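Let me begin by presenting the structure, written as structure tokens, before commenting on it.
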Protein chains: 2
Amino acid sequence: MHRWAKVAHAGERAGNPVVDSRRRSFVSARQVADLAGVSRSAVSRTFTNGASVSEATRRKVLRAAEELGYHVNHLARSLIQEQSGIVCLIVADVATPYQSRMLDALTRRLQGIDRVAMVINTSGASGDAEAALRQTLNYRAAATIVLSGTPPAALVTTCINSGQRVILINRDDEIAGPINLSVDNAGAAREALHMLHRCGCRRIAVVSSTAGTPSLLARERAFAAAAAERGLEARVVRAGPTGYAAGFEAGRRLLSGSGRPDAAFCVTDLLACGFMDAARREFGLDVPGDLCVVGFDDIEQAGWASYNLTTFRQPVTAIADQVIRLVSDPAAPAGQSCFDVTPVWRRSVRPQ
Amino acid sequence: MHRWAKVAHAGERAGNPVVDSRRRSFVSARQVADLAGVSRSAVSRTFTNGASVSEATRRKVLRAAEELGYHVNHLARSLIQEQSGIVCLIVADVATPYQSRMLDALTRRLQGIDRVAMVINTSGASGDAEAALRQTLNYRAAATIVLSGTPPAALVTTCINSGQRVILINRDDEIAGPINLSVDNAGAAREALHMLHRCGCRRIAVVSSTAGTPSLLARERAFAAAAAERGLEARVVRAGPTGYAAGFEAGRRLLSGSGRPDAAFCVTDLLACGFMDAARREFGLDVPGDLCVVGFDDIEQAGWASYNLTTFRQPVTAIADQVIRLVSDPAAPAGQSCFDVTPVWRRSVRPQ
DNA sequence: GGCAATCATGCACAGGTGGGCAAAGGTGGC
DNA sequence: GCCACCTTTGCCCACCTGTGCATGATTGCC
């Protein structure tokens, strides 16, 4: 059957040199060479950067390629070059403002250096980080960027041994070997406490989530430690998975009883938005009059007029730039990198 | 410092004769076959679904593969099968709530049917839809899903001739050939007018953007036509690219002069959020007391307590399911499909 | 005009995989 | 015990490309 297709193919090509709409198959360099009257190598060289081809053949090849609709098969090219131009992005919660912004920044920059992003979604029960890393290996990705999830260390090692770069973003776990890009969670959390303390708040809560991500835990702990230094005890509430709803629910719990807090550090802007809405709509509180709120991430919604949230900006572009540098330069050193987060002053904290 | 980690690594595995950490290359089926003492075909068959292998060889192969860290090279497999398991998603504005939700739904489902998503970001000047379609062809994608951007018709034809499925979502352009999945923009816009008219609003505005997307234009026009039927004239404002800022600015322009509208249909929830914030913060208006607002998309933020936006829900999951059906069934018919949008009643429109 | 040097071109191989084909091995029935 | 049939296995080819090597062509220089 396959052979038959071959024969039909040849006949078809004899009669109609252009494109036959019934032929449902990709054009190969062989066909272009035949049409242009050159060798297949000439076709290959025409599309290879820096190869030696005369201007005349080059033009002939390009014309034939255009006519047939030829496009270089990157899969075959990758096969021989052992460098597939594919970069895998492993991410959960794609629909989240922060992650989608990171995705946007990364895909855009990867295309700028002639790579292409393969996105593996590890949300839900459909696939875990292990299956994702397996895909990475299946497609001979040049690099793997882990935005969320905790990949098994053994598979990470396999990836690295296979010549991949493995870049973990905001996963300050204790996995050794891969490159680790993270953010100064502790420093920012400490600064958050100072902000709130300076403007007179003393009953300070922490709104977190049940996710238990290392970076969220780091923020919680550093904040609590800084509070303890000031002789304060920060009550931590985790009302659900990271998101608006958990923030809202945390607000309900925190603000209903007696001795309600006069400030909250939300480890994520999404939590902060939910928390603020609960404070205003459910309890009629004024932010920042009755309650000061500090968030983390600086997602787009933090800047919306309804929230005007004082928060810390994640250096998304700087992180993405660094990722690009690491992907494109094979000699770039591995190891930890820590990025600073910058405070963004808006109106959810009283002026001192 | 990091080099130290590297060395420690090699030393740790020094006792193990199998993998040499200096060899930075992928393992091939040949090596697995040698280690397992079988032919390379046996290895191939072990990882091919439905091939005939005895349980004994299968186990030997699996053990050897595990030991070496072997993973089937999907690039080589795609080379011979003319079906690469890669599905290209062409999308701009990845960071947008609606698009990122669609991306989430699609990637998750694609993985469910053993495909993998290659995301091509056409935002900014970096790349247009043409370059994106070229990538699609370069990687022999099984299908191409266009979420935004208007690809040149000639390239779409090339894609289809090469055996790809091309699926356009919400791009109700006049390109023939590809599969077109769209949403009943006109019907929803008409219903939006009826909602606002029924609750007594008569000076009705349309908040749109300068993007000029076919679907946005369809909403504008159908709304204006329905208004004209009622003897009303809908003033259209386009204050910038689709997003919060343009909605805010549109609010400034619409609500400042005399004869300000008492209702607005925002062709996108993001525009609606900006518009509502302008109305409240800049003009002290009450929604829905002074001003009724209807949006479109039902993004997550529309349900947040600060907005409580009455809007129309895009059938994201139904669209994604249909995409999956089209991708997995090569015999599925092409042509147009139109999905219904369902109104979501919240509190930004007065009860009748 | 002759010679050397640069350049372009074609051949052949490699890269990893799937599958057809034939042979071998094993098993059941008579 | 023999034969037929089924399962398993190995060999070989095809898929499409990049590139080293050798050869032919062309040009520049003396």
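In the text below, chain A, chain B and the rest are named by the order of the sequence lines, each starting its count at 1. All heavy atoms count here, side chains included; hydrogens, waters and symmetry mates do not. Model, not experiment: these values are computed from the prediction.
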Electrostatic pair A:E67:A:R63 at N-O distance under 4.0 angstrom: no
Other residues, nucleotides, ligands: >12 heavy atoms within 6.0 Å of B:R30 CZ: yes
More than 12 heavy atoms of other groups within 6.0 Å of A:E66 CD: no
B:S123 versus B:N121, side-chain donor and acceptor atoms under 3.5 Å: yes
Donor/acceptor link under 3.5 angstrom from [X] side chain onto base of [N]:
X	N	answer
A:R77	C:dG15	no
A:R45	C:dG10	yes
B:R40	C:dG18	yes

Length of the [atom1]-[atom2] vector between [X] and [N], whole Å:
X	N	atom1	atom2	result
A:Q81	D:dG20	CD	P	11 Å
B:I80	D:dC13	CD1	C1'	9 Å
A:F47	D:dG18	CZ	C1'	14 Å
A:L75	C:dG15	CG	P	18 Å
B:N73	D:dC15	CG	C1'	13 Å
A:L79	D:dT19	CG	C1'	14 Å
A:E55	D:dT26	CD	C1'	17 Å
A:H71	D:dC16	NE2	P	15 Å

Phosphate oxygens OP1/OP2 of [N]: is one of them under 4.0 Å from a side-chain N or O of [X]?
X	N	result
A:Y70	D:dT17	yes
A:S54	C:dA8	no
A:T57	C:dT9	yes

Comparing B:A42 and B:R140 on DNA chain D - which has the more 5′ nearest nucleotide: B:A42
Under 4.0 Å between any heavy atoms, over every strand shown, what does [X] touch: base, sugar-phosphate, or nothing? Just pick one.
X	result
A:V53	sugar-phosphate
B:S44	base
B:S41	base
B:S52	base

Minimum heavy-atom distance between A:A42 and A:V53, given as atom pair plus value: O-CG1, 4.5 Å
A:T48 side-chain proximity, nearest of D:dT19, C:dG18, D:dT17: D:dT19
